[in-house]
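All of these numbers come straight from a predicted model, not from anything done at the bench.
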Amino acid sequence: MIVIFNGPPASGKDEAASLYKEMFGFKALSFKHQLFKETIDHFGVQKKWFMEGYEDRERKEIKEFALQNYSRREAMIHVSEDIIKPLKGLDYFGSQVAEEIEDGIDYAVADGGFVEELKPLIERVGAENVIIVQITRDGHDYSTDSRRYFNGNL
């Protein structure tokens with residue numbers, strides 16, 4: 001089974017996925033891990049520098065000279081939407097995650113946001129084994145993000 005949490009930034013997706021890991025023994029999967037690598041490579045920055053700033057909510061939104069005046073969040077969106085997806089396809093990150101799936105293991109995915117990324121997962125494990133949990137939180141929306149709520153149509 002794969003449980004995918006879908007919601008705006010800071011809505012609680014990571015916390016929900018962590019609870020599934022702690023309470024039910026789920027393993028983690030992430031669409032973002034490959035995007036982190038691609039973004040760090042594209043801008044030629046140090047992984048430690050990028051990740052420390054990304055994990056700090058305030059620093060994540062600060063524009064950086066080393067990222068061509070993008071914030072870390074904006075840099076990730078730029079690499080995903082303007083570089084990777086036009087070159088490698090809209091399902092690229094989903095395909096990367098699908099390759100990590102092991103049979104018989106339950107997974108929690110904290111960063112679902114693009115329907116095209118779901119298709120490789122569904123093809124890998126079957127629609128009956130994918131659950132999408134949409135999270136809302138007052139004061140949090142998609143205004144700073146390229147992801148959206150899944151609309152139920154694949």
In terms of relative ring orientation, are His33 and Phe36 parallel, tilted or perpendicular, with 30° and 60° separating the classes? perpendicular

Check: Ser80 side chain, Met76 main-chain N or O, donor-acceptor pair, under 3.5 Å: no

Charged tip of Lys60 within 45° of Tyr54 ring normal and under 6.0 Å: yes

Atom CG in Asp106, atom NZ in Lys21: separation rounded to 0.5 Å? 14.0 Å

Least distance between heavy atoms, Asp111 atom then Leu29 atom: OD1-O, 4.4 Å

Is the side chain of Asp56 donor-acceptor paired with the backbone N or O of Arg59 at a distance under 3.5 Å, no angle test? yes

Linked, directly or transitively: Val133 and Tyr107 (ILVMFWY side chains, under 4.5 Å): no

Return the CZ to CD1 distance between Phe5 and Ile131, rounded to the nearest 0.5 Å. 9.0 Å

Aromatic ring centroids of Phe93 and Phe31 under 6.0 Å? no

Please check if the side chain of Asn69 supplies one atom and the backbone of Phe65 the other of a donor-acceptor pair under 3.5 Å. no

With clusters defined by side-chain heavy atoms of hydrophobic residues (ILVMFWY) lying less than 4.5 Å apart, directly or transitively, does Val125 cluster with Val3? no

When every non-hydrogen atom of Ala75 is compared with those of Phe43, the smallest separation belongs to CB-CE1, 3.6 Å

Under a 4.5 Å cut-off applied to non-hydrogen side-chain atoms, are Ile132 and Leu118 in contact? yes

Side chains of Pro9 and Arg73 in contact at under 4.5 Å (non-hydrogen atoms): yes

Checking Glu64 against Phe50 for the side-chain contact (heavy atoms from CB on, under 4.5 Å) test, could you report, in this order, the C-alpha distance in whole Å, the side-chain angles of both residues, the deciding distance, and whether it holds? CA-CA 10 Å; Glu64 300 280 359; Phe50 187 88; over 6 Å; no

Rounded distance [0.5 Å steps], NE2 in His42 versus CG in Leu67: 9.5 Å

Can you measure from CG (Leu90) to CD (Glu81) and round to the nearest 0.5 angstrom? 8.0 Å

Contact summary for Ala110 and Lys13, nearest pair of heavy atoms: O-CB, 3.0 Å

Might you point out which heavy atoms bring Asp141 and Ser143 nearest each other, and give the distance in Å? OD1-OG, 2.6 Å

Heavy-atom closest contact (Trp49 atom, Ala66 atom, distance): CH2-CB, 4.0 Å

To the nearest 0.5 Å, how far apart are CZ in Arg72 and CD1 in Ile40? 9.5 Å

Distance col, row Ile101:CD1 vs Leu121:CG, nearest 0.5 angstrom, shows 4.5 Å

Kindly indicate, with the supporting measurements, whether the criterion side-chain contact (heavy atoms from CB on, under 4.5 Å) is fulfilled by Phe24 and Met1. CA-CA 12 Å; Phe24 307 119; Met1 173 183 299; over 6 Å; no

Should the ring pair Tyr70 and His78 be called parallel, tilted or perpendicular, given that the plane angle runs from 0 to 90° and is split at 30 and 60? parallel

Flag yes if more than 12 heavy atoms outside Lys63 fall under 6.0 Å of its NZ atom; otherwise flag no. yes

Exactly one of Glu117, Glu38, Lys85, Glu116 clears side-chain hydrogen bond (donor to acceptor under 3.5 Å, both in side chains) with Tyr92, and that residue is Glu38

If you count every heavy atom of other residues, nucleotides or ligands that lies below 6.0 Å from Glu128 atom CD, does the total exceed 12? yes

Give a yes or no answer on whether the side chain of Ser11 reaches the backbone of Pro8 with a donor-acceptor pair at less than 3.5 Å. yes

For salt bridge (Lys or Arg N to Asp or Glu O under 4.0 Å), just list the numbers for Asp103 and Arg124, CA-CA rounded to whole Å, side-chain angles, deciding distance to a tenth of an Å, and then say yes or no. CA-CA 10 Å; Asp103 293 334; Arg124 173 69 176 84; 3.0 Å; yes

